A.B. asks: 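Okay, here's the structure, questions in a sec.
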Amino acid sequence: MTLSNHTPIPELYVSEAAAAALKDDAGQMPSWDLTPRQICDLELLMNGGFNPLRGFLTEADYNGVVNDMRLESGALWPMPITLDVSDTFAEGLAPGTDIALRDQEGVILAIMSVTDKWVPNKAVEAEKVFGADDLAHPAVNYLHNVAGPVYLGGPVKGLAAPTHYDFRARRNTPNELRAMFKKLGWSRIVAFQTRNPLHRAHQELTFRAAREAQANLLIHPVVGMTKPGDVDHFTRVRCYEAVLDKYPAATTNLSLLNLAMRMAGPREAVWHGLIRANHGVTHFIVGRDHAGPGKNSAGQDFYGPYDAQTLFTQYKDEIGVEMVDFKHMVYVQEKAQYFPANEVPEGTTVLDISGTELRRRLREGLDIPEWFSFPEVVQQLRRTSPPRAQQGFTVFFTGLSGSGKSTVANALMVKLMEMGGRPVSLLDGDVVRKHLSSELGFSKEHRDINIKRIGYVASEITKNGGIAICAPIAPYTATRRAVREMVEAGGAFVEVHVATPLEECERRDRKGLYKLAREGKIKEFTGISDPYEEPTTPELRVDTTDIDVDSAAHQVLLKLEGMGLIGLT
């Protein structure tokens with residue numbers, strides 16, 4: 001049954017008295033500390049944003065969603081909402097066990113009754129949900145390299161909503177929006193989904209969409225997890241608020257959605273539609289390449305430009321909202337106004353700035369014309385993205401033991417300190433082992449933890465405008481990628497592969513480690529008994545076999561200059 005957009009939607013929260021009793025009981029339950037993505041999912045489960053779900057998917061529901069976009073009940077649902085956990089946590093759990101779900105500060109948010117526990121085929125999930133088992137897709141990488149190996153399913157009893165200290169007046173549950181629409185007398189509402197700042201083309205698009213649908217406008221940006229490398233949500237929301245007065249106050253509202261996007265293209269568009277229907281919306285703008293993640297490993301787009309619109313149209317009756325298809329807007333110079341790309345007058349000049357070009361202009365401090373964006377938006381973006389020569393950055397050396405990483409890193413540090421301007425910190429593998437990771441061994445798990453600790457420290461240095469130089473072996477591609485994503489949230493990441501061949505590294509063997517590894521006295525030694533996964537596209541590759549340290553360090557300096565991070569003149 002389709003609800004009126006003014007009718008309250010079911011929530012999963014229990015009463016205050018029941019919540020207090022469950023919190024008392026929770027001290028005897030196993031506890032799971034939720035990941036940021038799981039917190040986003042749980043919030044929308046509890047407040048009705050994921051209606052008709054009553055908890056994390058059971059195995060039967062999961063199989064139906066993965067294969068046919070349907071729950072066991074037959075209801076349309078395109079996205080697996082699963083509680084992924086570690087082997088260790090799952091090991092002692094039997095069906096019927098209640099577990100406490102806590103935020104990252106230990107606050108209990110919900111109680112989950114575990115009904116199902118299984119090990120999914122993640123390759124099949126990737127193929128079916130995202131269209132390819134390709135690690136270039138951020139959600140596929142998350143699935144294989146971040147998410148836990150075991151899934152738990154079962155109903156949830158909500159005790160408390162996650163706490164948000166930012167933009168609280170802009171955060172609305174589905175029922176709060178439904179009540180607001182009723183109070184305002186809004187019966188037709190078109191929602192605009194975005195994970196980017198609003199520029200003039202977006203304003204023109206949303207004006208046209210609202211006019212075409214004869215509806216009020218809800219700007220409904222995602223402020224949960226989006227694509228790695230996106231503008232942070234604090235900056236984006238400041239941008240939205242800066243241009244809100246460009247819209248008619250009586251017919252436009254801004255509300256924030258704490259959704260963890262999967263960038264799943266067509267399936268994601270259907271999912272976004274269902275979520276917006278739960279929030280009381282009647283129309284939804286589906287964009288060209290809606291929620292697309294970019295290029296796959298072969299350099300091709302993951303999804304066709306209009307695949308999302310096609311799938312949405314196929315299921316629009318079940319979704320319960322009308323689609324307003326995206327009109328790609330371009331600026332026509334002679335007319336000094338925006339037109340849909342397919343309505344550009346013949347013989348006129350089209351001006352456009354891509355996302356890549358916008359980032360370049362911000363990085364290099366170049367002009368961003370007013371026809372493209374609002375001065376207020378540009379001002380906010382420049383606050384967060386100053387010219388690169390004023391930003392922090394990380395230089396991440398990776399290579400075999402004995403390749404020369406530490407020596408070149410030390411030389412680079414001295415050269416950067418000689419230049420001055422920004423504080424420089426060296427996070428050498430051996431030094432970090434001593435001060436940050438002394439309790440860790442050299443298993444794959446412990447090496448990953450060590451590298452992620454280095455990455456976290458480097459990301460904090462970078463975010464605060466300093467230079468971090470890291471020189472671990474870092475043999476695994478997935479771990480280096482995780483560090484890159486941490487660092488790039490606050491500045492540039494420059495991967496330098498010190499590609500000195502194994503034979504030369506072993507010939508040097510200043511610590512005698514290769515000899516011990518060959519004798520079997522060191523287990524899981526990189527390059528001998530454990531693999532080194534070479535970077536495929538580092539920013540720079542240096543072989544120290546036939547060059548001295550000064551020359552190698554200077555190659556890195558030239559690369560940093562070429563990227564606009566430093567000035568040598």
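Numbers here are sequence positions counted from 1. Fair warning: this is a prediction, and the values are worked out from it, not measured in the lab.
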A.B. asks: Roughly how far, to the nearest 0.5 Å, is CD1 of Ile473 from CZ of Phe525?
C.D. replies: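 Nearest 0.5 Å value for the CZ-CD1 distance: 6.0 Å.
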A.B. asks: Can you confirm whether the side chains of Asn67 and Asn63 place a donor and an acceptor under 3.5 Å from each other?
C.D. replies: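 Per modelled atom types, Asn67 and Asn63 side chains form no pair under 3.5 Å.
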A.B. asks: Looking at His497, Gln555, Glu495, which one forms a side-chain contact (heavy atoms from CB on, under 4.5 Å) with Arg541?
C.D. replies: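 Option passing the side-chain contact (heavy atoms from CB on, under 4.5 Å) with Arg541: His497.
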A.B. asks: Do the charged groups of Lys415 and Glu418 touch, with an N to O distance under 4.0 Å?
C.D. replies: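 No, Lys415 and Glu418 are not salt-bridged.
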A.B. asks: Is the terminal nitrogen or CZ of Arg480 (NZ for Lys, CZ for Arg) located under 6.0 angstrom from the six-membered ring centre of Tyr532 and within 45° of that ring's axis?
C.D. replies: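 The answer is yes; both the distance and angle limits are met.
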A.B. asks: Under a plain distance cut-off of 3.5 Å, with no hydrogens placed, do Asp166 and His233 share a side-chain donor-acceptor pair?
C.D. replies: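 Yes, side-chain donor-acceptor contact under 3.5 Å.
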A.B. asks: For Arg236 and Thr226, does a side-chain donor sit closer than 3.5 Å to a side-chain acceptor?
C.D. replies: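 No, no side-chain donor-acceptor contact under 3.5 Å.
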A.B. asks: Is a donor from one side chain sitting under 3.5 angstrom from an acceptor on the other, for Asp84 and Thr82?
C.D. replies: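 Thr82 and Asp84 do not have a side-chain donor-acceptor pair below 3.5 Å.
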A.B. asks: When you look at Phe50 and Trp271, which way does the ring-ring contact (aromatic ring centres under 6.0 Å, His included) test go after all the steps?
C.D. replies: CA-CA 9 Å; Phe50 284 172; Trp271 189 42; 5.7 Å; yes
A.B. asks: Any idea how Trp118 and Tyr151 line up, ring-wise: parallel (<30°), tilted (30 to 60°), or perpendicular (>60°)?
C.D. replies: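 Because their plane-to-plane angle is over 60°, the rings of Trp118 and Tyr151 count as perpendicular.
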A.B. asks: Will you find, in the side chains of Ser551 and Asp548, an N or O donor that is under 3.5 Å from an N or O acceptor?
C.D. replies: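 Yes, a side-chain donor-acceptor pair sits under 3.5 Å.
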A.B. asks: Checking Lys122 now: which residues fulfil side chain to side chain donor-acceptor pair (under 3.5 Å) with it, not counting sequence neighbours?
C.D. replies: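 Lys122 satisfies side chain to side chain donor-acceptor pair (under 3.5 Å) with no residue once adjacent residues are dropped.
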A.B. asks: Are Asp41 and Arg262 ion-paired here, with the side-chain N under 4.0 Å from a carboxylate O?
C.D. replies: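 Salt bridge present between Asp41 and Arg262.
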A.B. asks: Would Thr115 and Thr58 count as having a side-chain donor-acceptor pair, cut-off 3.5 Å?
C.D. replies: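 The answer is no; no qualifying pair exists.
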A.B. asks: Does the side chain of Arg447 come under 3.5 Å of the side chain of Thr526 through a donor N or O and an acceptor N or O?
C.D. replies: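 Judged by distance alone, the side chains do pair up.
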A.B. asks: With distance as the sole criterion, is a donor-acceptor pair present between the side chains of His446 and Glu524 under 3.5 Å?
C.D. replies: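 Side-chain D/A pair, His446 to Glu524: absent.
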A.B. asks: Using ring pair (Phe, Tyr, Trp, His ring centres under 6.0 Å) as the criterion, list what pairs up with Phe396, not counting sequence neighbours.
C.D. replies: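 Only Phe493 meet the ring pair (Phe, Tyr, Trp, His ring centres under 6.0 Å) criterion with Phe396.
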A.B. asks: For a 4.5 angstrom cut-off between non-hydrogen side-chain atoms, does Leu557 reach Leu416?
C.D. replies: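 Of all side-chain heavy-atom pairs linking Leu416 with Leu557, at least one is under 4.5 Å.
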A.B. asks: For Glu357 and Asp352, what are the C-alpha separation, side-chain angles and deciding distance, and is it a side-chain contact (heavy atoms from CB on, under 4.5 Å)?
C.D. replies: CA-CA 9 Å; Glu357 174 63 12; Asp352 197 11; over 6 Å; no
A.B. asks: Cut-off 3.5 Å, side chains only: do Arg383 and Gln380 have a donor facing an acceptor?
C.D. replies: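 A donor-acceptor contact under 3.5 Å links the two side chains.
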A.B. asks: Determine, step by step, whether Arg453 and Glu439 satisfy the salt bridge (charged side-chain N to carboxylate O under 4.0 Å, His left out) criterion, reporting the C-alpha distance in whole Å, the side-chain angles of both residues, the deciding distance to 0.1 Å, and the verdict.
C.D. replies: CA-CA 13 Å; Arg453 286 180 183 176; Glu439 86 286 8; 2.8 Å; yes
